[in-house]
Amino acid sequence: MVDLNKAEPISWLNGKLVAPAQAMVSVFDHGLLYGDGVFEGIRFYHGKAFRLLAHLERLRLSARAIALEIPYTTEALTQAVLDVIAAAPSANGYIRLVVTRGVGPLGIDPSRCKSPQVFIIADALHMVSERVRTEGAKVIIAATRRLGADGLDPRIKSLNYLNHILARMEATHAGADEAILLNSGGRIAEGSADNIFIVKKGELFTPPVIEGALDGITRQAVLELAEKLGIKAREIPLAPYDLFTADECFLTGTGAELIPVGYADGRAMPQCPGPVYQRLAAAFKELVAIESAE
Ligand code: PMP
């Protein structure tokens, strides 16, 4: 039985709400052994998941791309997420929805993994400090590169985050908050767990997904908001030079929402938080409030 006094994070495993201590997968699960699986990070506000259908659609596409069959319909997963939110300790938080390849014999061949495992965890968010939100993040350009579409398509949100983790370690080691990963061509791909936007002369730029960015739900929301606000936005390849010479820069993600960037490899951003960031961050807040009330 789940303790609805709700002190602990809530878990859902293969169809049932379970106490965290019972939320276990096997050490023979290929998700654990090989990073063979896909996932989503979903935010909920006022008891409502933000853009849940978009997340479930991306999950389904990620799974299809790796020939992993999710043993639940979108309707069933929607209900599961709603159940987890209803049981969560707070009306605001973060959900991790994971589908692993499941248990199979050792060896990477997934063909004998017969039961994909699905679990959903809700927890509070501890991702971004107040200092970063107000003063801006310090970012570095990591030596670790983003895997290209010729290695692992960036649209697949897979359980393989090791190069992102290595990039984040570089940032921590350098005393920075976040790492920006370049693609194999040396152009900007994205942050270790967020998408990147720069502003130049009032115009917004972000790398196209094909440059090595996840097709972020928050990125998409920001592009929609820019259009509504009459801010010209373009998806074009960006070099480190474009970051270093930007007027403003900010990061977007489910956990991050919108975070201004204060320094890029030691170069101060002229405007942080800049006016375009501020308009978009306010519009995003409004969007969340509107969509949470629907
Ligand atoms: N890129 C990466 C590598 C991420 O892990 C995330 C977080 N899911 C993002 C970008 C931002 O995507 P979203 O806005 O959908 O959270």
Side-chain angles (χ1 to χ4, degrees), residues 35 37-45 49-63 65 81 92-99 120-123 125-128 132 137 139 141-142 144-149 151-171 177-183 187-198 204 206-226 233 235 238 249-259 261 277 280-281 283-285 287-288 291:
V38 294
F39 78 101
E40 281 297 316
I42 304 164
R43 187 99 174 218
F44 58 101
Y45 300 91
F50 182 68
R51 303 226 158 159
L52 179 57
L53 275 181
H55 280 286
L56 294 179
E57 171 71 5
R58 186 171 68 182
L59 180 79
R60 206 157 282 287
L61 294 176
S62 293
V81 169
N92 297 291
Y94 184 81
I95 284 176
R96 177 59 51 92
L97 199 176
V98 183
V99 186
I120 305 173
I121 316 162
D123 205 353
L125 266 174
H126 316 280
M127 284 186 182
V128 184
V132 166
V139 304
I141 292 187
T144 307
R145 297 282 172 104
R146 175 64 153 112
L147 285 178
L152 181 62
D153 195 293
R155 289 170 289 191
I156 301 171
K157 195 161 166 60
S158 83
L159 296 179
N160 290 272
Y161 260 59
L162 203 45
N163 64 322
H164 295 251
I165 292 165
L166 292 174
R168 179 64 74 84
M169 282 165 58
E170 289 184 48
D177 303 300
E178 176 56 308
I180 305 301
L181 288 90
L182 304 180
N183 61 25
R187 295 179 304 279
I188 290 175
E190 61 177 348
S192 71
D194 30 60
N195 292 111
I196 183 167
F197 285 83
I198 65 165
L204 197 55
T206 193
V209 168
I210 197 68
E211 286 285 282
L214 183 75
D215 194 358
I217 308 286
T218 322
R219 173 185 184 276
Q220 193 53 47
V222 164
L223 289 171
E224 288 167 24
L225 291 172
E235 296 176 62
L238 298 172
C249 173
F250 60 90
L251 307 171
T252 66
T254 292
E257 300 177 312
L258 277 68
I259 309 182
V261 169
Y277 164 81
L280 287 165
F284 184 76
K285 214 168 179 183
L287 178 75
V288 165
E291 294 191 5

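For ligands, and for the atoms within them, numbers begin at 1 and follow the listed sequence.
None of R96, H55, R60 except one satisfies the side chain to side chain donor-acceptor pair (under 3.5 Å) rule with E40; the exception is H55.
Residues lining ligand 1 at a heavy-atom distance below 4.0 Å are given as R58, K157, Y161, H164, E190, S192, A193, D194, N195, L214, G216, I217, T218, T252, G253, T254, ordered by chain and residue number.
Here the CD1 atom belonging to I156 is positioned 12.5 Å from the CG atom belonging to D215, to the nearest 0.5 angstrom. The distance from the OG1 atom of T218 to the CG atom of D194 is 9.0 Å, given to the nearest 0.5 Å.
Salt-bridge annotation for R219 and E190: absent, with no side-chain N of the basic residue lying under 4.0 Å from a carboxylate O of the acidic one.
Residues meeting the side-chain hydrogen bond (donor to acceptor under 3.5 Å, both in side chains) test with R187, sequence neighbours left out: E211.
Residues A226 and L280 approach most closely at N-CD2, 3.8 Å, considering heavy atoms.
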